[in-house]
Protein chains: 2
Amino acid sequence: MTDTRERILDTAERLFAAHGYSGTSLRAIITEAEVNQAAVHYYFRSKEALLEAVFLRRTEPANQERMEMLERCERAAGGNAPELEDVIEAFVVPAFRAACDPGKGGLVFRELMGRLYAEGDMLPRIVASKFVPMLARFAVALTRALPDVPQDELFWKVHFAMGATAQAFRGKTDWQVFDRARLDNADSELILRRLVAFLSAGMRAPVTAVREREK
Amino acid sequence: MTDTRERILDTAERLFAAHGYSGTSLRAIITEAEVNQAAVHYYFRSKEALLEAVFLRRTEPANQERMEMLERCERAAGGNAPELEDVIEAFVVPAFRAACDPGKGGLVFRELMGRLYAEGDMLPRIVASKFVPMLARFAVALTRALPDVPQDELFWKVHFAMGATAQAFRGKTDWQVFDRARLDNADSELILRRLVAFLSAGMRAPVTAVREREK
DNA sequence: GTCTATAACTTGATAGAC
DNA sequence: GTCTATCAAGTTATAGAC
C-alpha cells in the first residue's frame, strides 16, 4: 500500500508521545504499524530523521499560521504596540487548534508537543533552528507590547509561559488531587481562553509587587 | 570506599538530568562514576529503583518542608483563608531552594526535577503516590485562597502553574531569542520572586475578562 | 563488599533476494 | 517498494570467585 509512510508517521507520533524518544524503539513502531522491518529505513533514513518528520508534519503549518496571525494583529494595531493578549493568542492558538482538530493526530500530537516543548533537547538544534526566526519575531512583538518590562525579566516570563503552555498541551496529570477534568473531555476552546488569561496576567504581573516577607 | 553509593547517586542524578531516564544507560553511570559493574545492582536493585533513590533523596526533605511551611502560614492566618502568595511560596520555595544550595547537586537536580515534573510518567505511580497526600493538602489551601474560582478552572490553573514551575526549574532554553540570562548565572532568589509573582497573577486572572474576538 | 565474566536480550541499521 | 535474514553493538541483570 502507498499509505505505509503515513502509517509509520502516525504510529511513531503516538509512541513517541506516549514513551518519549529514547523510550520508543523502532521495532515497537514497526510492529504496531504492521509494516515491514526495513520500511522505516527506506522512507526515513534513521530514527532521528523519523522524529523530525513526525514533528515537522504538524509544526511547519502551525508556525506558518502563527506568523500570519501575528502580522495580522500588528497591522491592525497600525503603528501602535500590539495588544499583549493578541500576541499571546497568535503564538498559542494555531498550534493548539492544530493539535486538536486533525481527525487522526489530535490528542496524540498534543501530548508529543508537550513533551518536546518541555524537554527541549530531544530535537537536534537543526530542527530547533527552524523555530528561531519565528520566535525572534514574537520576542520583538512582546517587547513592544510590554515596554516597561526589562529584557531579562521578560526572558524569564517567556520561560515560565513556555512551561505553562507545554503543560497545557500535555493535559494529563497522574496526581488526582482535583477529581475530574482531563483534557480528553474538556472543551479545548475554553482551555485556550483560560491559558491566554493565565499567561497574560502572569506576563503583566509586576515583580516588585511581591511584598517582602521573612523566610 | 564507603562513598561508592553516594557517587553512584550523584552521577546518576547528573546523567538522568542531562539525558532523561531511558536516554541514560546504567553502563554510562557505572563508567562515569568509576565504580564496579555490579555495584549498582548491589546497592539499588534495578535501574528503576536507582531513579527512585535519586529522586527521593532530595524530594522527601523538600516535601517535608513544604508541609511545614504551609501549616505555618495557615496558622498565621488564624481561621481565615491563607494568602495565595503564601500558599504558592510554600509549594515552590522549599524545592527550589533545596535544588539550589546543596553544594554538590545544585543545578543538576533542578534540571532533573524539571524533567520529571514535565514528563510525569517517568516515575512509577508508586513514587508519585508519595506526593499525593501533600498535593491534596495544597489543593485544599488553594481552594480556600481562591474561593471564587470554580474547581475545574482551578484544576487547569494548577496545571498551567505546574508547567511554569517545571520550566523555572529547568532554566535552559536552546532558543536564543533573548540574548542572555541563563539560570546558571542568575540570582535564584530573584527568579523565585518572579515565579511567585507570575503564578499568583495567573491564578487570580479571571477567565471571563478575556474579551471576545473574531478568529 | 568488590570484582570479573557472561548470560539473555534489545537496540538501530543494512544487505540482498524478490 | 516490499520482504527476510542478520549484523554489530549496546542493553539490563546475574552468577560466582575473591
Side-chain angles (χ1 to χ4, degrees), chain A residues 1-57 104 108 112 115-116 119 121-128, chain B residues 1-57 112 115-116 119 121-128:
Chain A
M1 326 130 177
T2 168
D3 59 342
T4 291
R5 208 190 119 99
E6 287 264 316
R7 215 160 60 255
I8 293 174
L9 281 173
D10 289 341
T11 312
E13 183 174 64
R14 189 159 45 82
L15 294 184
F16 283 150
H19 312 297
Y21 176 71
S22 32
T24 304
S25 71
L26 283 182
R27 302 176 86 106
I29 295 169
I30 287 160
T31 306
E32 288 231 1
E34 294 178 296
V35 296
N36 193 261
Q37 283 268 16
V40 168
H41 287 89
Y42 176 74
Y43 286 108
F44 317 90
R45 60 168 224 301
S46 71
K47 188 187 180 185
E48 208 175 327
L50 172 60
L51 174 65
E52 290 185 12
V54 165
F55 183 67
L56 290 175
R57 173 168 68 145
K104 276 233 167 170
V108 175
L112 178 61
R115 225 177 241 279
L116 296 178
E119 297 209 4
D121 62 336
M122 244 172 78
L123 274 314
R125 17 231 133 286
I126 303 101
V127 175
Chain B
M1 326 126 180
T2 168
D3 61 340
T4 291
R5 208 190 120 100
E6 288 265 314
R7 215 161 60 255
I8 293 173
L9 280 174
D10 290 341
T11 312
E13 184 174 64
R14 188 158 46 80
L15 294 184
F16 283 150
H19 310 114
Y21 176 71
S22 32
T24 304
S25 70
L26 283 183
R27 302 174 82 105
I29 296 169
I30 287 160
T31 306
E32 288 231 1
E34 295 178 294
V35 296
N36 192 260
Q37 283 268 13
V40 168
H41 287 89
Y42 176 75
Y43 286 108
F44 318 90
R45 61 168 221 302
S46 70
K47 187 187 180 184
E48 209 175 327
L50 172 59
L51 175 65
E52 291 186 11
V54 165
F55 183 65
L56 290 176
R57 174 170 66 147
L112 178 62
R115 224 176 241 278
L116 297 177
E119 296 207 5
D121 62 335
M122 244 172 78
L123 275 313
R125 17 231 130 287
I126 304 101
V127 176

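Hydrogens, waters and symmetry mates are skipped; everything else that's a heavy atom, side chains included, is used. These numbers come from a predicted model, not from an experiment. The sequence lines fix the lettering, A, B, ..., with proteins before strands; numbering per chain opens at 1.
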From [atom1] of [X] over to [atom2] of [N], roughly how many Å is that when rounded to an integer?
{"X": "A:I29", "N": "C:dT11", "atom1": "CD1", "atom2": "C1'", "value": "12 Å"}
{"X": "A:L15", "N": "C:dG12", "atom1": "CG", "atom2": "P", "value": "12 Å"}
{"X": "A:E34", "N": "D:dT4", "atom1": "CD", "atom2": "P", "value": "13 Å"}
{"X": "A:L51", "N": "C:dG12", "atom1": "CG", "atom2": "P", "value": "13 Å"}
{"X": "B:I30", "N": "D:dT14", "atom1": "CD1", "atom2": "C1'", "value": "13 Å"}
{"X": "B:L26", "N": "C:dC9", "atom1": "CG", "atom2": "P", "value": "18 Å"}
{"X": "A:K47", "N": "D:dG10", "atom1": "NZ", "atom2": "P", "value": "15 Å"}

Exercise. Hey, are A:R57 and A:E13 close enough for a salt bridge, meaning a charged N less than 4.0 Å from a carboxylate O?
Worked result: yes

Output the single nucleotide from [options] whose closest atom is nearest the side chain of [X].
{"X": "B:Q37", "options": "D:dT2, C:dA13, C:dT4", "result": "C:dT4"}
{"X": "A:A38", "options": "C:dA13, D:dT4, D:dA13", "result": "D:dT4"}
{"X": "A:Y43", "options": "C:dC3, C:dT14, D:dG1", "result": "D:dG1"}

Exercise. Between A:F16 and A:K47, is there a cation-pi geometry (under 6.0 Å to ring centre, at most 45° from the normal)?
Worked result: no

Exercise. Is A:Y21 reaching over with its side chain to a backbone N or O of A:E48, donor-acceptor style, under 3.5 angstrom?
Worked result: yes

Given [N], is OP1 or OP2 found less than 4.0 Å from the side-chain N or O atoms of [X]?
{"X": "B:Y42", "N": "D:dA13", "result": "no"}
{"X": "A:H41", "N": "C:dA13", "result": "yes"}
{"X": "B:S25", "N": "D:dT11", "result": "yes"}
{"X": "B:N36", "N": "C:dT4", "result": "yes"}

For this session: Step by step, work out the salt bridge (Lys or Arg N to Asp or Glu O under 4.0 Å) result for A:E32 and A:R14.
Result: CA-CA 10 Å; A:E32 288 231 1; A:R14 189 159 45 82; 3.1 Å; yes

Problem set entry | Test applied, side-chain contact (heavy atoms from CB on, under 4.5 Å); reference residue, A:V54; option that passes from A:I8, A:L112, A:T11 | A:L112

Exercise. Between A:R45 and A:A28, who's closer to the 5' end of DNA chain C by nearest nucleotide?
Worked result: A:A28

For this session: Tell me what A:T24 touches on the nucleic acid: a base, only sugar-phosphate, or nothing, going by heavy atoms under 4.0 Å.
Result: sugar-phosphate

Problem set entry | Check: C:dG12 base within 3.5 Å donor-acceptor of A:R27 side chain | yes

